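Heads up, the thing below is written out as structure tokens.
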Amino acid sequence: MEIQRYVPTQLRPARQMRADLQQIEQASSLDGVGELRSVGEVSLYGPGEKAELLDLYRQMYLIRRFEEACAENYSKGNIRGFLHLYIGQEAVAVGVMSVLRPGDYVVTHYRDHGHALARGVDTNRAMAELFGRKTGLSKGKGGSMHLFDASKRFMGGHAIVGGQLPLAAGLSLSCTYKGTDDIAIVFFGDGAVNQGTFHETMNLAAVWKLPLLFFLENNFYGMGSAIGKVRAGGTDFYPMAESYGIESVLVDGMNVLEVREVMANAVGKMRAGGGPQFIEAKTFRYVGHSMADPARYRDDSELAEWMEKDPLKTFPSLLLARGAAVESDLEAQRESVHQEVSAAVRFSEGSAKPSPHEIFDDVYA
Amino acid sequence: MATMNVLEAVRDAMRLEMRRDPNVFILGEDVGARGGVFLATNGFVAEFGEQRVIDTPLAESSIVGIALGAAVSGMRPIAEIQFGDFIWPAINQLVGEAARARYGTAGQRNASMVVRVPHGGGVRGGLYHSQSVEALLAHTPGLKVVAPSTPYDAKGLLISAIRDDDPVVFLEHKRTYRLVRGEAPEGYYTEPIGRAEIKRRGEDLTVITYGLMLHYTLQAAEQVSESEGIEAEVIDLRTLRPLDVDTVIESVRRTSKALIVQEDTPVASIGSEVAAVIADRAFFDLDGPVRRVTPPDFPPMPYSPLQEAEYMPSPNKISYAIRQLIDL
């Protein structure tokens with residue numbers, strides 16, 4: 001059975017891809033081979049789509065490597081204070097941002113490196129901000145938890161849990177007010193759901209039909225507290241949205257293509273004037289809440305289970321299995337990421353520290 | 001010039017700015033169809049439509065947070081907190097978010113927003129409708145805090161506040177809304193934020209005050225002038241952050257005596273800061289202690305009219321304090 005090359009203008013949704021995969025499996029078994037066609041022999045993907053898929057991999061790998069470099073430089077004392085790593089959750093940020101347009105606003109929480117990089121914030125300036133250097137995004141005044149880049153409409157990491165939600169509603173209100181079909185997306189964790197601002201903002205967004213996308217990254221622990229200990233009603237949050245009349249969906253946060261699919265669906269409805277949407281991604285951070293947290297409140301087996309679904313293992317396997325990439329493509333991406341991150345560290349090390357008198361800048365307009 | 005009360009001045013300023021700049025909009029509890037609990041936005045929906053005069057849920061944190069979000073994307077929102085006493089749920093949005101918006105991003109963010117706050121007592125409002133909320137807000141770097149006491153200042157300062165690129169908390173004393181009338185130009189004009197004004201000239205002592213207490217202080221000043229010939233200089237701070245230190249110091253150096261009058265309780269208050277500044281910059285010009293007239297250091301303002309009057313500073317209490325300071 002001949003499999004046609006498929007050259008889409010857009011990535012197919014994950015559901016479609018699963019169907020394609022089944023088709024290959026069936027075709028294979030009909031051929032009597034009994035297993036998937038070998039790597040590279042048959043590809044479902046055209047060059048444009050291959051490049052896009054590879055880029056998703058590259059971005060996830062960039063976040064992973066960037067954060068490993070953060071941890072290294074934290075140990076060296078180049079990065080100080082409070083550092084919260086996103087390792088394990090990369091598929092969420094990358095899947096989400098791949099759907100957004102430059103005019104959309106992104107607001108997030110303190111675990112913000114992944115979101116910033118996936119949004120296209122300059123790697124050098126992001127790292128320099130963590131180093132507290134003058135070349136940083138906010139000239140060293142913000143630091144890890146408060147990355148901000150107005151040029152990318154990346155409106156900040158916010159370190160008060162739940163504090164960013166009303167602000168994102170204001171950004172989405174201005175999208176409507178100005179008559180655009182831009183949207184705002186706000187990331188928050190499972191811990192933020194217990195804050196009053198979450199419920200205020202959900203209600204308000206629904207009443208005003210704001211183009212606000214609530215994106216919950218449920219990694220099952222608010223710092224060291226398992227959800228079950230601090231929340232009534234189990235570990236699923238997305239049904240809550242229904243009570244506000246907001247359409248909601250649960251997605252596997254370890255699967256970048258699924259994240260991308262549900263995002264495209266939600267964002268499409270929002271741009272058409274459908275009001276707010278709610279997406280819950282189940283995901284897991286592999287490391288502690290911050291560098292000071294050895295995460296003794298979790299079982300190693302729980303972590304091991306999640307790591308089996310590691311997007312940086314499963315996604316490249318998928319690409320190889322489906323003939324979207326060959327090993328050398330992936331290696332080339334990894335090499336380019338290593339260079340980019342090393343360059344960012346060198347850039348930061350070589351950047352001037354802000355002078356003490358600059359504390360007087362930017363207090364008022 | 002037109003004659004108007006403070007409420008009309010506030011309304012006039014907002015209406016003019018709404019007409020001038022489509023980025024200005026209003027949000028708050030009952031600001032729309034109801035026209036605001038004090039009618040500050042009366043008739044605004046008819047003129048500007050519901051898209052620019054937005055009724056919100058009773059959710060102060062969201063009201064201020066949404067204003068901030070809109071502000072950082074280039075709008076000029078005016079958020080109304082119905083009563084100052086209701087502002088506490090919004091404190092994180094004001095102190096935690098708006099105040100550090102610019103600094104924390106090295107100037108990438110404007111938080112061009114105004115939060116209008118009817119405040120103050122003497123209206124039989126009791127525990128939750130009488131509070132002075134200025135101390136915590138004025139304590140917060142990154143915010144500007146304006147507290148006018150006359151129609152002229154209210155209008156000119158509110159227009160300035162709306163045009164300001166930083167977050168401005170605009171404190172309107174409820175008791176002055178209809179009680180205080182005065183002249184103000186009909187069209188556009190601005191008064192500078194951060195500038196105090198000497199409302200009465202005198203050489204015997206300096207009385208520093210703001211809000212409703214300005215009017216009580218001016219009455220007290222007339223009393224002691226008529227009865228004892230004491231001439232008090234009265235400074236209306238008008239802006240509580242940034243404080244106009246120069247005007248205060250220049251006056252105290254001339255009079256050598258300073259009295260501070262405020263409706264807020266005394267500890268860690270505006271008066272504390274003014275006293276500290278005087279001690280720092282005019283210590284050797286003083287020939288007496290820096291005194292304060294404030295309510296007692298109790299949590300809320302009592303409801304019962306007699307007790308409320310006992311609690312609040314009054315023209316008599318102020319004139320008594322003036323005489324005491326002069327007699328020292």
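Predicted model only: the values in this text are computed from it and were never measured. Here is how names work: the chains are called A, B, and so on, in the same order as the sequence lines, proteins then strands, and each is numbered from 1.
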With chain A as the partner, which of B/G107, B/G104, B/G142, B/P57 has the greatest number of non-hydrogen pairs under 4.5 Å? B/G142

If we define contacts as heavy-atom pairs under 4.5 Å, which of B/A71, B/A70, B/S62, B/P22 has the most with chain A? B/S62

Quick one: what part of [X] sits under 4.5 Å from any heavy atom of chain B, side chain, backbone, both or neither?
X      : result
A/D149 : both
A/I359 : both
A/A169 : both
A/T176 : backbone

So with a 6.0 Å cut-off around [atom1] of [X], is the heavy-atom count from everything else above 12?
X      : atom1 : value
B/R20  : CZ    : yes
A/K353 : NZ    : no
B/Y128 : OH    : no
A/F82  : CZ    : no

Under a 4.5 Å heavy-atom cut-off, does chain A meet the side chain of [X], its backbone, both or neither?
X      : result
B/S112 : neither
B/E97  : side chain
B/I63  : neither
B/A67  : neither
B/P77  : neither
B/Q51  : both

Can you tell me which residue among A/D182, A/I183, A/L210 is in a side-chain contact (heavy atoms from CB on, under 4.5 Å) with A/S172? A/L210

Please work out which of the three classes, parallel, tilted or perpendicular, describes the rings of A/F187 and A/H115, given edges at 30° and 60°. parallel

Which class fits the ring pair A/Y244 and A/H199: parallel under 30°, tilted 30 to 60°, perpendicular over 60°? tilted

Answer key: most heavy-atom pairs under 4.5 Å with chain B among A/I160, A/D361, A/T197 is A/I160

Interface check, chain B: of A/T201, A/L167, A/L165, most non-hydrogen pairs under 4.5 Å belong to A/L167

Answer yes or no: is there an ion pair linking A/E358 with A/K134, defined by an N-O contact shorter than 4.0 Å? yes

So, do A/P354 and A/K139 sit near enough that their side-chain heavy atoms are less than 4.5 Å apart? no

